[in-house]
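Here the structure is a predicted model, which is why all the values come from computation and not from measurement. Proteins get letters first, then strands, A, B, ... in listed order; numbering begins at 1 in each.
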2 protein chains.
Amino acid sequence: MATGRTHRPATRSRGIPEATVARLPLYLRALTALSERSVPTVSSEELAAAAGVNSAKLRKDFSYLGSYGTRGVGYDVEYLVYQISRELGLTQDWPVVIVGIGNLGAALANYGGFASRGFRVAALIDADPAMAGKPVAGIPVQHTDDLEKIIKDNGVSIGVIATPAGAAQQVCDRLVGAGVTSILNFAPTVLSVPDGVDVRKVDLSIELQILAFHEQRKAGEETAGEEAVTASVPKNTPKGPDGDVPVVMPA
Amino acid sequence: MATGRTHRPATRSRGIPEATVARLPLYLRALTALSERSVPTVSSEELAAAAGVNSAKLRKDFSYLGSYGTRGVGYDVEYLVYQISRELGLTQDWPVVIVGIGNLGAALANYGGFASRGFRVAALIDADPAMAGKPVAGIPVQHTDDLEKIIKDNGVSIGVIATPAGAAQQVCDRLVGAGVTSILNFAPTVLSVPDGVDVRKVDLSIELQILAFHEQRKAGEETAGEEAVTASVPKNTPKGPDGDVPVVMPA
DNA sequence: TGTTGTGAACCATTTCACAGCC
DNA sequence: GGCTGTGAAATGGTTCACAACA
C-alpha cells in the first residue's frame, strides 16, 4: 500500500512478493510462541495452522527466503525465527516517533508489543503546549515545534501519525521533510507522499464498513432463493494475510 | 476441515470483488468530503486522486456496482454517496460492542468516526470488576459475565476485541456463541472461528514489521551488493554468518 | 517414510486502450 | 471533446500435485 512508485525496478531474485512479506510477521509470531515452549522443529502443516494459513502457501512463502527446511523433518524453530527476523529487519533497532498524543496516541505509546520487536518509542510529539513535558507511558511529550530536531537527533525513520485527520497531511509533510521514510497512519485521511516513502494505514472505520458489507450480505442470504451454494460464503478476506482458522498463542 | 474438496462455485452476478469492497469506504469518504463542499459532480480522475487510487481502477470498481456515471460528465456526488452507503450496508444501524476496555478499548470507545457512519457503540465490556459501572466515553462499562445477555438484548452482530492476546480467543468464542458473526480483532492473535463468521484484524506490530522490511531494503539500496545468505549456511545455527546481532525476541 | 521445495495450473486484480455515449 | 464503461492483456498471488530427498 505504498504510494506511487516505491523502490526499485531491478527485479532481482531478491524480490519477495508483497503478500509474502505481509505474512512473515504472522509466521514469526507463531514461531516465537513455539520457541517459548521450547519446541525444536515444526512442520509446514503445523506452523501453517498456528498462523492461520494453508501449508502450501507457507512453504511457497518460505521458498522465497531460501531453503530453510529439512525434507521429511520440518523447520528448525530457532533458525527460522532468526532468519525471518533478519529478513524483516528486526535484528536492528528502529526508533519510532508517535505524533498526536490523544486517546489513541497514548494507547499506542502504552502498547507493549511495540517495544518487544525491535521497535522503540523514541519520542512522543503533540501540538498541545499543555501536554509538553507530561509523561505518557513514561515518556515526556514534546512539542511539535521541535519535530524536526527530534527526528534528526534520534535517527528516526519510522513515524506514527495519530493526530486528527485535519492535521495529518501537515504532520506527514514535516516528518518526511525531516527524513522519515516510513509512515504508519491512523488518521482517517489519504496521505500524499513523495516517491520512496512508504505509507501504511490503519483505519477502524474502514474495517467496520467492510465487515458491515459482509454482514449485510449474510442477512440477505436467506432470502436469496436462487443460490444453491452457500454452506459457506466466501468468508475470509483475502486482502492481506487473513485471520481465519486456527489457534494458539499465549501472552 | 478446510482442506476438504472445497470446490465452491464462484458466486456470480452479485459478487463484488473483495478488493473492490475494501476500497468502497475510501471512495465514500472522499465523496462525503466533496458533498460537504457541495460539489455536485466529480470525474473518475478527480475522485481517484482524492481517494489515492488510479482512475481506471476506480471506474472498474464502480462498474461492479452498476452504471452510476454519465459519460462526458462524471459522477453525481450525492447519488454515489447513497449508492455506496447502501452497498456497504451503512443505511442501517449497526450496534457494536467493544470487549476489553484498557487503553486501546477506551481509545476506540472515544473514537468519533465510529459513531459517524451507522455504527453505534451499544456496550463496553471488561473482565475487571473494578471497572464495572465506570463510564468510558459516556458509556458505563459492563462486566464480562453479562456478555451473552448484552449481545442478545442489543441485537449485536459486530464485536470488537481489544483484550490482551491471552483472552481474545475465549472472548471470541463467547461472542460467536452469543450470535456475533463479524469480529474486528485488535489482539495480536490468530482467532479461530466457525464458517460464516468474518474476522478482520488490526495489528500494529505487523504493520510496523512490514514497514521495517521496506525500510531495511531502502537502507541497503545505496550500498547495494548485499551478500546472499543461502542454503550453504549450516542449519541449526541460530547465529548469523558474521557479526550480525541475533536478536531473539523476548516476551 | 514424511515432508520440503517448486513448476505449472488456476484464479484474482490491475492496467491498458478504446468504443460508446453525452 | 470529454469521460465513462468494459473487453482484453498483463501482472500478481494461490493452490495443486509431485519429484526430490533427508
Side-chain donor-acceptor contact under 3.5 Å, A:Q169 with A:S192: no
Distance below 4.0 Å between A:N54 side-chain N/O and D:dT15 OP1 or OP2: yes
Pairwise side-chain contact, B:L90 with B:R86, heavy-atom cut-off 4.5 Å (strictly under): no
Side-chain donor-acceptor pair present, B:T181, A:E215, cut-off under 3.5 Å: yes
Reading 5' to 3' through nucleotides 7-12 of chain D, protein heavy-atom contacts under 4.0 Å coded B for base, S for sugar-phosphate only, - for none: BB----
Along DNA chain D (nearest heavy atom to each residue), the more 5'-positioned of A:A56 and B:D61: B:D61
Check nucleotides 19-22 of chain C for protein N or O atoms closer than 3.5 Å to its own N or O atoms and list the pairs.
unit_1 : atom_1 : unit_2 : atom_2 : d
C:dG20 : N3     : B:R71  : NH1    : 3.1
C:dC22 : O4'    : B:R71  : O      : 3.1

5' precedence on DNA chain D between B:G66 and A:R59 (nearest-nucleotide basis): B:G66
Basic-acidic side-chain contact under 4.0 Å: A:R217, B:D198: no
N/O (side chain, A:R23) to phosphate O (OP1/OP2, D:dT14) under 4.0 Å: yes
Atom pair distance, as rounded to whole Å: CD in B:E45 and C1' in D:dG1: 16 Å
Between P of C:dT3 and CG of A:L58, the distance in whole Å: 14 Å
Short side-chain N/O contact to C:dT4 OP1/OP2 from A:S44, under 4.0 Å: yes
Any side-chain donor near an acceptor of the partner, A:D61 and A:T20, under 3.5 Å: yes
Touch class at under 4.0 angstrom, heavy-atom based, for A:F62 against every strand present: nothing
Test ring-ring contact (aromatic ring centres under 6.0 Å, His included) applied to B:Y68 - qualifying residues, sequence neighbours left out: B:Y79
Side-chain donor-acceptor contact under 3.5 Å, B:Q209 with B:S205: yes
Nearest heavy atoms of A:G89 and A:W94, plus distance in Å: O-NE1, 2.7 Å
Closest non-hydrogen atom pair between B:N54 and B:A48, with its separation: C-CB, 3.7 Å
Rounded distance in Å - NZ (B:K57) to C1' (C:dT13): 8 Å
Integer-rounded Å distance: D:dT6 P and B:I16 CD1: 14 Å
Integer-rounded Å distance: D:dT4 P and B:Y79 OH: 16 Å
Whole-Å gap separating C1' (C:dT4) and CD (A:E46): 14 Å
Contact under 4.0 Å: A:Y64 side-chain N or O vs D:dT14 OP1/OP2: no
Distance in angstrom units between A:Y75 OH and C:dG2 P, rounded: 18 Å
